[in-house]
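Working notes, structure below.
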Amino acid sequence: MIETKKKYCNSLTEYSRYKTREVKIGDVPLGGNNPIRIQSMTITDTMNTSATVEQTIRMVEAGCEYVRITAPSINEARNLENIKKELRAQGCTVPLIADIHFTPNAAELAARIVEKVRINPGNYVDKKKFEQFEYTDQEYQEELERIRERFTPLVNVCKEYGTAMRIGTNHGSLSDRIMNRFGDTPLGMVESALEFVRICEDLDYHSIVLSMKASNPQVMVQAYRLLIQKMEEEGMNYPIHLGVTEAGGGEDGRIKSSVGIGTLLEDGIGDTIRVSLTEDPEYEAPVAISLADRYKSRANHKPIIPITDIPTDPVNYNRRETFEALGIGGSNVPVVIADYSSRKISSQTDLADIGYRYDEPTDKWSLSDIAVDLIYLGKQNINFNLPENLKLIIDYDEWKNLTSKKLRFPLFKKINYLKRDSLSDQINFLRIKLNELDDDLSNKIKNDNKLVLVIETDNLHGMAEQRRLFFELINQGIENPVIIKRDYSNVSLEELRLYSSTDFGALLIDGLGDGVWLTSETNDVASNSVGKLTLVKESKEKFINRTLFGILQATRTRISKTEYIACPSCGRTLFDLQETTEMIRKRTEHLKGVKIAIMGCIVNGPGEMADADYGYVGSGVDKITLYRGKDIVKRNVKSSQAVDELIDLIKEDGNWTNPSNNDVL
Ligand code: SF4
């Protein structure tokens with residue numbers, strides 16, 4: 001049994017789905033013993049019936065089990081009837097979900113037509129943000145009464161028509177009432193939904209699904225965990241819809257989504273998932289399916305020693321305390337290790353794939369923002385001079401016979417670490433699995449302040465086994481830095497990206513890990529595609545390196561590039577979001593650490609840009625409004641000038657740098 005105050009899933013060591021009640025959504029029930037359902041949302045104009053029907057059918061063919069359609073006003077809500085009729089006429093029975101913001105009349109009409117409505121408790125009922133920032137208890141109560149009065153008719157319609165409802169909180173669009181009392185926090189997100197759930201329960205309506213989305217996977221994960229804790233306290237068991245909002249597209253969007261959604265799925269949380277990408281929606285379902293399918297046989301994993309004493313806090317981020325060994329651990333960002341043990345390194349050019357470029361005439365190295373920190377060579381060695389910041393890890397048996405050990409450090413297995421006859425006086429690496437950690441080894445590790453652990457697993461429930469090892473280290477007071485190492489065999493490139501993002505992300509998000517090391521038998525990348533994009537041919541090492549830096553970026557443990565928070569677009573979008581995002585990315589992707597939001601509409605966009613530094617928000621046909629943080633800086637700029645104006649704004653703030661190829665060493 002997990003300590004009650006920290007319990008947010010059945011077990012942290014034995015996989016099982018967290019059981020929720022079953023909710024009927026058309027013919028496709030959700031929660032209970034049903035499989036994890038896949039869903040997505042159309043991006044067509046809801047008034048365009050044929051386009052919406054065609055896109056819905058493509059989404060169903062791609063694997064969507066529910067399809068959500070935006071209904072921003074009564075007109076769109078009304079047109080849902082035509083869309084539904086046409087779909088049924090074409091033999092498509094997929095349950096439809098109306099996406100509502102602000103407008104109760106659209107919700108009440110849609111609830112009579114479709115199988116489920118989604119409301120956002122942060123903006124249901126109110127046309128604009130509340131302007132009041134201080135609430136006495138009485139005022140707060142009055143506000144809740146007002147909400148109850150306006151929300152009750154929708155609940156009654158849902159009861160009458162057998163319509164389900166998702167109460168979906170979004171971080172960044174919380175009401176001022178909630179912000180005032182709970183802040184922009186996971187607790188605020190949970191309370192925002194529960195206020196509405198309590199009204200539903202008072203009205204004896206229970207066909208409810210809940211979500212807690214955020215664009216920051218760490219906030220999102222904490223909010224879902226807290227939601228379960230609060231539901232348990234209040235005797236609730238509603239199905240859970242998982243999603244990371246504004247994840248962006250391409251690799252970044254996939255990595256960010258996997259970190260957030262995958263972390264929760266690992267602990268058995270989640271009854272339905274939507275991966276939000278800034279791409280056509282039919283590209284979302286395959287990603288969601290890959291994430292969900294991993295758990296079909298997960299319960300068959302090898303047993304992991306149970307634990308009752310959980311040393312981490314699941315709803316507050318704290319990095320595990322470690323000492324520093326040669327730049328690893330302590331307050332350093334997690335390091336990235338490239339595995340070249342199965343790739344022969346014959347010249348400097350072999351290191352270009354992992355961020356090091358060599359210029360022969362000047363004998364200088366230049367390195368990119370995603371240059372690795374260490375290379376594992378296995379049994380081989382490198383016979384040319386390296387840049388000083390790059391270190392090599394070599395198997396102990398080979399390392400001990402090297403004549404020059406400069407920048408070269410040994411990797412031990414347990415057996416040769418216990419019987420070693422030489423050690424580096426700077427740093428040593430020891431690879432271990434959970435079952436190898438006995439009292440004797442623990443004592444030796446604890447007393448070796450030059451030792452970094454490389455933790456491995458061959459358990460099907462590998463993240464949980466590695467987490468269990470972290471718990472053991474913390475509980476035993478072992479503060480050696482830890483590199484998380486994972487190896488994936490028989491997986492596609494897409495699976496490699498999604499699985500590693502899940503497994504590394506789930507640990508990093510809880511402050512566990514001082515470095516990452518990823519290997520795979522996957523061969524060189526012949527055609528690497530992301531959604532509809534086919535990327536250039538590249539080596540496995542390059543692919544892995546980009547993935548690892550992407551995971552560190554998504555978990556915000558190491559920032560190496562610009563962060564884009566792009567909404568997936570929907571019927572409200574007034575410009576081509578995918579093209580625009582790409583255009584902005586091309587001109588700003590060298591601005592390491594700057595967060596830029598690209599949002600399709602001014603109605604919801606500003607609220608959902610979360611903690612972006614700059615916002616590029618559609619505010620009308622051919623009109624863009626630019627934001628600095630949450631403040632409007634320029635209204636209704638013509639689209640053709642908006643990217644230049646955005647760049648001017650970044651320059652004005654002193655956050656601009658000219659793109660340069662690389663730093664020279
Ligand atoms: S922010 Fe984007 S996805 Fe959200 S409602 Fe506006 S256009 Fe649609």
Side-chain angles (χ1 to χ4, degrees), residues 40-46 68 70 72 99-102 118 120 122-123 127-129 168-174 184 213-216 219-220 243-250 252-253 256-257 274-281 284 562-589 591 594-643 645-647 649-650:
S40 182
M41 185 169 176
T42 55
I43 60 172
T44 48
D45 177 353
T46 308
R68 185 154 48 111
T70 190
D99 196 63
I100 307 288
H101 291 262
F102 303 101
R118 178 266 166 144
N120 176 347
N123 63 24
K127 272 256 171 257
K128 57 183 173 60
K129 278 193 81 133
T169 307
N170 275 5
H171 182 236
S173 65
L174 299 177
D184 192 10
K213 298 193 187 183
S215 73
N216 178 343
V219 172
M220 172 260 190
V244 174
T245 50
E246 287 77 42
D252 290 348
K256 216 178 194 188
S257 299
R274 189 239 169 150
V275 170
S276 308
L277 299 172
T278 314
E279 294 175 24
D280 292 344
E284 296 180 342
T562 321
E563 170 121 1
Y564 298 95
I565 299 159
C567 82
S569 88
C570 70
R572 292 181 193 231
T573 318
L574 296 167
F575 59 91
D576 187 325
L577 217 123
Q578 297 176 34
E579 251 177 38
T580 309
T581 304
E582 236 0 80
M583 188 166 68
I584 294 175
R585 179 190 294 276
K586 276 200 180 112
R587 297 189 56 190
T588 58
E589 65 187 354
L591 300 176
V594 174
K595 297 198 240 17
I596 301 174
I598 303 126
M599 312 299 286
C601 76
I602 197 128
V603 184
N604 293 320
E608 300 187 2
M609 306 191 295
D611 53 355
D613 301 310
Y614 300 98
Y616 178 107
V617 180
S619 49
V621 177
D622 195 30
K623 289 192 184 110
I624 302 298
T625 292
L626 299 175
Y627 285 71
R628 178 190 284 119
K630 295 213 177 294
D631 301 325
I632 293 180
V633 190
K634 287 187 178 164
R635 278 181 207 276
N636 300 330
V637 181
K638 277 181 84 59
S639 308
S640 55
Q641 294 156 7
V643 180
E645 299 246 7
L646 172 70
I647 289 169
L649 183 60
I650 298 173

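Because the structure is a prediction, the values reported are computed rather than measured.
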Might you point out which heavy atoms bring Gly618 and Ile624 nearest each other, and give the distance in Å? CA-CD1, 4.1 Å
Look up atom CG in Asn120 and atom CZ in Phe102, then write down how far apart they are to the nearest 0.5 Å. 7.5 Å
Determine the minimum heavy-atom distance between Tyr616 and Thr580, stating which atoms define it. CE2-CG2, 3.5 Å
Mind running side-chain contact (heavy atoms from CB on, under 4.5 Å) on Asp280 and Gln578 for me, showing each step along the way? CA-CA 9 Å; Asp280 292 344; Gln578 297 176 34; 3.0 Å; yes
Do Arg572 and Asp99 sit within salt-bridge range, that is, some charged N less than 4.0 Å from a carboxylate O? no
Taking the side chain as every heavy atom from C-beta outward, state whether Asn216 and His171 have any pair of such atoms under 4.5 Å apart. no
So, does Thr245 use its side chain to make a donor-acceptor pair with the main chain of Ser215 at under 3.5 Å? yes
Measure from the side-chain N and O atoms of Asp613 to the backbone N and O of Lys595, and report whether any donor-acceptor pair falls under 3.5 Å. yes
Within this structure, what is the CD1-OG distance for the pair Ile598 and Ser569, rounded to the nearest 0.5 Å? 12.0 Å
Gap between atom CG of Asp576 and atom OG1 of Thr581 - 0.5 Å precision: 8.5 Å
From OG (Ser639) to CE (Met583), nearest 0.5 Å: 8.0 Å
Short question: side chain of Arg118, backbone of Gly168 - any donor-acceptor pair under 3.5 Å? yes
When you measure from the side chain of Glu279 to the backbone N and O of Glu284, does any donor-acceptor pair fall under 3.5 Å? no
Heavy-atom donor-acceptor pair, Tyr564 side chain to Glu582 backbone, under 3.5 Å: no
Is there a donor-acceptor pair under 3.5 Å between the side chain of Ser276 and the backbone N or O of Ala247? no
Counting distance only, does the side-chain N/O of Thr625 pair as donor-acceptor with the main-chain N or O of Asn636 below 3.5 Å? yes
Do you know the tightest heavy-atom contact between Leu646 and Tyr614? CD1-CB, 3.9 Å
Any Asp611 side-chain heavy atom under 4.5 Å of Glu563 side chain: no
Find out whether Asn604 and Ser173 are in side-chain contact, i.e. whether some heavy atom of one side chain is under 4.5 Å from a heavy atom of the other. no
Closest non-hydrogen atom pair between Pro281 and Met41, with its separation: CB-O, 3.3 Å
Under the side-chain contact (heavy atoms from CB on, under 4.5 Å) rule, what do Val617 and Met609 come out as? Steps first, then yes or no, please. CA-CA 9 Å; Val617 180; Met609 306 191 295; 3.7 Å; yes
Please tell me if the side chains of Tyr627 and Pro606 come closer than 4.5 Å, counting only heavy atoms from C-beta onward. yes
For Ile596 against Ala612, the heavy-atom pair lying closest together: C-CB, 4.5 Å
What's the separation between atom OG1 in Thr573 and atom CG in Asp45, rounded to the nearest 0.5 Å? 10.0 Å
To the nearest 0.5 Å, what is the distance between CG on Asn170 and CD on Glu246? 6.5 Å
For Ser257 and Gly253, which heavy atoms make the closest approach, and how far apart are they? OG-O, 2.8 Å
